[in-house]
Amino acid sequence: MVDAGTKHPTRPPGQRDAEATREALLAAATELFADRGFAGATVDAIAVRARVNKAMINYHFQGKQGLYTAILERDFGWALTRLTELTQEPIRAGAKLFRFVAIFGELHQRRPGLSAMMLREAMSGGRGLDPKLLPDMRSIFEAVQAIVAQGIAEGTFRDV
């Protein structure tokens, strides 16, 4: 169905936009996890902020833990794609390190709450992290290690 005077399809009454609901939940949860941490962000508060029924959290993400993990998978996935491209470029370590920092600067601009989420997670000892995320986190640290090792080999960085 197309609304008169527009080229945009409209939804029949009662039909929901699943992708818009998912995005609203991801955005609301990111803000609340950043502000309150995993334990402090309640399902009720996330649903209110997203303007959806709290049952949608279970429907789309299988609960609060699944929502938290989905946020981190999305954002780590974005960063890891760029880091993989970076590690394959034949450039000097200093330039790689600059680009590494720029990737995470861009991620922070795209998802401002993620930095606070990760700081809260680190302060909690990683209690909210799903173990399946550990390989992604390890890949990020390995990328830094590879850049530093390349810089030491080039004589750009000094071994400390």
Tell me whether [Y] is reachable from [X] by hopping between hydrophobic residues (I, L, V, M, F, W, Y) whose side-chain heavy atoms are closer than 4.5 Å.
| X | Y | value |
| --- | --- | --- |
| L133 | V144 | yes |
| F104 | F98 | no |
| Y59 | V52 | yes |
| I91 | I147 | yes |

Exercise for review: Test side chain to side chain contact (heavy atoms under 4.5 Å, CB included) on F38 and L129 and set out the steps.
Suggested key: CA-CA 9 Å; F38 180 79; L129 283 180; over 6 Å; no
Review point. Is the shortest distance from a Lys or Arg side-chain nitrogen in E121 or R127 to a carboxylate oxygen in the other one below 4.0 Å?
Key: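 Between R127 and E121 there is no salt bridge, as every charged N stays at least 4.0 Å from the carboxylate O atoms.
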**Study point:** Salt bridge present between R82 and E106 (N-O < 4.0 angstrom)
**Key:**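 Looking at R82 and E106, the cut-off is not met.
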Of the non-hydrogen atoms in [X] and [Y], which two are nearest, and what is the gap between them?
| X | Y | value |
| --- | --- | --- |
| T84 | T87 | O-OG1, 2.9 Å |
| A41 | R36 | N-CB, 3.9 Å |
| I57 | A47 | CD1-N, 4.2 Å |
| L67 | A29 | CD2-CB, 3.4 Å |
| W78 | I103 | CZ3-O, 3.5 Å |
| G113 | A34 | O-CB, 3.3 Å |

Between atom [atom1] of [X] and atom [atom2] of [Y], what is the distance when rounded to the nearest 0.5 Å?
| X | Y | atom1 | atom2 | answer |
| --- | --- | --- | --- | --- |
| L86 | F100 | CG | CZ | 8.5 Å |
| T156 | L97 | OG1 | CG | 10.5 Å |
| F141 | L134 | CZ | CG | 10.5 Å |
| R138 | I140 | CZ | CD1 | 11.5 Å |
| E154 | R92 | CD | CZ | 4.0 Å |

Practice item. Could you go through the side chain to side chain contact (heavy atoms under 4.5 Å, CB included) check for L72 and L114 one step at a time? Key: CA-CA 8 Å; L72 297 178; L114 183 67; 3.7 Å; yes
Non-hydrogen side-chain atoms of [X] and [Y] separated by less than 4.5 Å:
| X | Y | value |
| --- | --- | --- |
| T21 | H60 | yes |
| T81 | E85 | yes |
| M137 | M118 | yes |
| L83 | E142 | no |

Practice item. Would you please name every residue forming a side chain to side chain contact (heavy atoms under 4.5 Å, CB included) with E19, sequence neighbours left out? Key: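 Scan of E19 (side chain to side chain contact (heavy atoms under 4.5 Å, CB included), adjacent residues dropped) gives D17, R22, E23.
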**Study point:** Residue pairs passing the salt bridge (charged side-chain N to carboxylate O under 4.0 Å, His left out) test where at least one lies in residues 49-64, sequence neighbours excluded
**Key:**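 Sorted result for residues 49-64: E31-R49, D44-K54.
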Review point. Are side-chain N/O atoms of Q65 and T69 paired as donor and acceptor at under 3.5 Å?
Key: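 Yes, because at least one side-chain N or O of Q65 sits under 3.5 Å from a partner of the opposite role on T69.
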Practice item. If the plane angle is over 60° it's perpendicular, under 30° parallel, otherwise tilted; pick one for Y68 and F33. Key: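 Y68 and F33: perpendicular rings.
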Check your understanding: Under the side chain to side chain contact (heavy atoms under 4.5 Å, CB included) criterion, do L26 and R74 qualify, and how do the steps go?
Key -> CA-CA 10 Å; L26 289 165; R74 173 195 63 191; 3.5 Å; yes
Review point. Taking the side chain from R111 and the backbone from D75, do they hold a donor-acceptor pair closer than 3.5 Å?
Key: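 Not a single qualifying donor-acceptor pair exists.
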